[in-house]
Amino acid sequence: MTDARSRMPLTAMHWGTYRAETRDGRLCALHPFEMDVDPSPIAGGYIGALDADSRITTPMVRQGWLQDPQGRDRERRGADSFVAVSWDEAERLVAQELLRVRQAHGCGAIYAGSYGWASAGRFHHPQGHLRRFLNLLGGHVGSKNTYSLAAGEVITKYAVGGFDVAAGGTTDWRTLVAHCETLVAFGGMRVTNGQISQGGCGRHRQREAMQQAHAQGVNFVNVSPLRDDMLAELSADWLPIRPSTDTALVLGLCHTLLQDGLHDGAFLDRYTVGFDRFADYLTGRADGVVKSADWASGICDIAAERIVELARRMAMTRTMISASWSLTRQDHGEQPFWAVIALASMLGQIGLPGGGFGLGYSAVNSMGLENTGLHFPPLPQGRNPVTDFIPVARVAEMLERPGETYDYDGETRTYPDARLVWWAGGNPFHHHQDLGRLRAAWRRPDTVIVNDWCWTATAQHADIVLPCTTPLERRDLCMGGRDPFVIAMEQVAQPPEGVRDDYDIFAGMARAMGLEAAFTEGRSAGDWQRWMYEAGREAAGQRGIDLPDYDSLREQGWHRVEPPEKPQVLLQAFREDPEANPLPTPSGRIEIWSDRIASFAYEDCPPHPSWLEPFEWLGKCQPDELHLISNQPTTKLHSQLDQGVFSQSAKVNGYEPVRISPDDAAERGIVDGALVELYNARGRCLCAAVLDDRLRPGVVQVSTGAWYAPDPHAPDLCRNGNPNVLTRDKGTSRLSQGCSAHTCLVRIRKFQSEGKVS
């Protein structure tokens, strides 16, 4: 890199760190950070988007909400026009509405789930500002778990003591390169997913690590309906599994190990509980069904001989089993992770270098990263006096069913009556399922407030829109702790005149309600950043890690923390001495059978890993139905920057692509590039067909993230190809109530009209 470029200011995002080039105060290019070996091009989507027509530049209020103070004309939400107001007026309206809801219904009627990735900056994290503000006001209803892997987060609590236990110490890539012989990836290891990381990243590692492992002789196995869920250069064995049947395949592998005497009985006896009951299930003594390779083959559509061969190969080599987070986003999504943990336990390699299991290699860049974790405090949020919450993926049900009960994680809970919804830093009309249902439920609250910088579907479905800055338009610190780089983010673009940082938005709201001193504590945004960094620096120093002081970091621009000398191996200490290092489970061991789950008596989540038929799957479908895979996009993070030039460049004739196998396309008279309609009972969306033989027949694939755009004349039709108009809004089970988007059947046909729908 030239000296001139190295002097360009740094900025960071969830998909990387960049040097910003400006001309006449306008951002014109984002160049890769000099330390990044595999930079992501996604950030280029910001070029031109900062001042595009989609930008929100002043507070906006929905016209019907202003004109009908009593009923708020909620039926027009999402289809109404907006009126520009001043910040003073916006603060007055918000303060007035907050006080009204609090007085009439209590703070338990304020929902501030605000799920989303928002900003990579440690300070300018809008959800944190929102919750700090609302906690000062008296509290709010929040959410638990993630859309990404709620079922996995909950089930690992019972299997090994928590997701932090199961994945926080994931065996690092250098250990896999040195010791692993076979890496079996259920759900694949899509390298484009690894281009992102919570809190940002300085150097992309996943592609490089996979290439190094392959060069050292690691044999990769890709268990996925998509061949390209693993890099072609890895020469992976491809098992084109029928979607939503991974658990059946894992059980077939487990049975083969048991039948052939290849399981590690000594490991199971010392480190696990409940294997005897699981063995009864595998052999059919419990239910009369033998979970053999032949049985599994009939479900997952992988030849029994391949299942037997894979089981034997895994037993004879040092094997790492990777499970993608996507496996949890299906009906009974708790089961794949639990089954993989049981399979790894039978192999007896947990805690050994290069063996065991890993939950989410390449799900994000930080998984398997060689990193000395740093701990920087977030902006303090105070105490939330409201103890109520909902599982994150149950937003529509909460709005539809106030006062009704539901089951979650062993409890019977009651949905709150949410009268005011405030969303900051996220886009529920991206993350949620069955968007037509969500849109109808979204009309139920009295008021919806949204902080956003551009006219996403969520902003369009708000009553009050508060325009905020982007990460490029403010100073911050990228120091999530999941990455070895600490980046001093500079302001590299000027925001429009009527736009504020989220911190300033909430400081203004706090001022309007007499809470400014408590909210700011007399600190500016810069003061808070210095405080957060120096607190983390002090904590690092106590662990023998030297970080530059705040002013030096700002001058240097970035700092890299060296990886620990000792490689990281998941559950190594537990293996070495399970009595001295017990797991945080009731038994202190890996629980293949859970007495706690048994006590819940959930028919949709048995007390050991089990095969349960999905509510929609190819094993029992109509001849013209196809399984929809709505995976993560390669041109954006979730829905962020779908309006940008990079995402738009991947559209086909302006439409979101749907990949379909040539045979499936031929049966339906669909040619490459044709405008097609995907549909089921929940909705319809328009896409452009892309014929691709890297998909198994019976499967179509549409990435998530296209901005939801219901046609005004046909509200069930999304013009932009958002697959979440098709996915079902159903909890994975009563245990976790997670997102089950990947269990979804659709039909596809040529669209009859020409051109765009009006």
Side-chain angles (χ1 to χ4, degrees), residues 1-58 117-121 123-124 192 195-197 200-204 425 452-456 459 467-478 485 487-502 525-526 553-558 633-651 654 705 707:
M1 192 177 76
T2 65
D3 290 340
R5 186 173 295 181
S6 66
R7 291 194 295 270
M8 292 178 182
L10 282 169
T11 189
M13 306 154 201
H14 291 300
W15 46 83
T17 299
Y18 302 87
R19 296 279 182 181
E21 181 179 351
T22 59
R23 292 176 192 157
D24 300 323
R26 181 186 173 95
L27 181 72
C28 59
L30 289 168
H31 301 284
F33 179 41
E34 58 268 25
M35 300 300 291
D36 196 352
V37 296
D38 185 25
S40 169
I42 293 175
Y46 270 119
I47 308 300
L50 295 179
D51 54 4
D53 291 342
S54 59
R55 190 70 194 263
I56 307 170
T57 59
T58 189
W117 279 47
S119 170
F123 174 71
H124 288 290
T192 51
Q195 286 278 288
I196 61 175
S197 193
C201 71
R203 185 179 189 275
H204 290 93
D452 214 329
W453 69 278
C454 52
W455 284 109
T456 62
C468 58
T469 55
T470 71
L472 300 167
E473 296 165 336
R474 58 204 182 206
R475 263 191 157 199
D476 209 335
L477 293 166
C478 178
F485 285 87
I487 308 294
M489 300 165 58
E490 297 296 336
Q491 181 181 354
V492 298
Q494 289 295 324
E497 184 177 349
V499 170
R500 293 181 177 179
D501 296 341
D502 287 283
L553 176 70
R554 279 290 174 195
E555 184 177 350
Q556 295 166 202
W558 60 273
T634 62
T635 59
K636 49 188 171 282
L637 167 58
H638 300 310
S639 63
Q640 292 185 36
L641 294 179
D642 184 49
Q643 82 277 36
V645 291
F646 186 63
S647 179
Q648 290 297 312
S649 70
K651 311 284 184 180
W707 280 10

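The first residue in the sequence is number 1, and the count goes up from there. Here the structure is a predicted model, which is why all the values come from computation and not from measurement.
Using modelled atom types, no side-chain atom of Arg23 and backbone atom of Cys28 make a donor-acceptor pair closer than 3.5 Å. No side-chain donor-acceptor contact under 3.5 Å links Trp15 to the backbone of Lys636. Judged purely by atom type and a 3.5 angstrom limit, Gln491 uses its side chain to pair as donor or acceptor with the backbone of Ala493. With hydrogens and angles ignored, the 3.5 Å screen pairs a side-chain donor or acceptor of His124 with a backbone N or O of Arg475. Side-chain atoms of Arg554 come within 3.5 Å of backbone N or O of Met489 as a donor-acceptor pair. No donor-acceptor pair under 3.5 Å is formed between the side chain of His638 and the backbone N or O of Gly705.
Smallest separation of non-hydrogen atoms from Leu553 and Leu477: CD2-CD2, 3.9 Å. When all heavy atoms of Ile56 and Asp452 are compared, the pair lying nearest together is CD1-O, 4.0 Å. Nearest heavy-atom pair across Val492 and Leu10 is CG1-O, 4.4 Å. The two residues Pro471 and Tyr46 make their nearest non-hydrogen contact at CD-OH, 3.5 Å. A pairwise comparison of heavy atoms in Thr17 and Cys201 identifies OG1-O, 2.9 Å as the closest pair. Smallest separation of non-hydrogen atoms from Thr22 and Leu27: CG2-CA, 4.0 Å.
Taken to the nearest 0.5 Å, the CG atom of Leu472 stands 12.5 Å off from the CD atom of Glu490. Separating the OG1 atom in Thr469 from the CG atom in Asp502 is a distance of 6.0 Å, to the nearest 0.5 Å. Here CG of Leu30 is found 10.5 Å from CE of Met8. Values are rounded to the nearest 0.5 Å. Distance CD1/Ile47 to CZ/Phe646: 13.0 Å, rounded to 0.5 Å.
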Inset, instruction - Carefully, step by step, assess Val499 and Arg55 under the rule side chain to side chain contact (heavy atoms under 4.5 Å, CB included). - result: CA-CA 10 Å; Val499 170; Arg55 190 70 194 263; 3.9 Å; yes
Inset, instruction - Walk me through it: do Ser647 and Leu641 pass the test side chain to side chain contact (heavy atoms under 4.5 Å, CB included)? - result: CA-CA 7 Å; Ser647 179; Leu641 294 179; 5.8 Å; no
Inset, instruction - Step by step, work out the side chain to side chain contact (heavy atoms under 4.5 Å, CB included) result for Glu473 and Asp501. - result: CA-CA 9 Å; Glu473 296 165 336; Asp501 296 341; 5.8 Å; no
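Contact check on Arg19 versus Glu21 returns no salt bridge, with no Lys/Arg side-chain nitrogen under 4.0 Å from an Asp/Glu carboxylate oxygen. Asp642 has a carboxylate O that lies under 4.0 Å from a charged side-chain N of Lys651, or vice versa, which qualifies the two as a salt bridge.
Counting only heavy atoms from C-beta outward, the side chains of Trp455 and Gln643 never approach each other to under 4.5 Å. Between Gln640 and Ile196 the shortest side-chain heavy-atom distance does not fall below 4.5 Å. Looking only at side-chain heavy atoms (C-beta outward), Ile42 and Met13 stay at 4.5 Å or farther from each other.
Between Trp558 and Phe33, the ring planes lie perpendicular to each other; the angle is over 60°, past the 30° to 60° tilted range.
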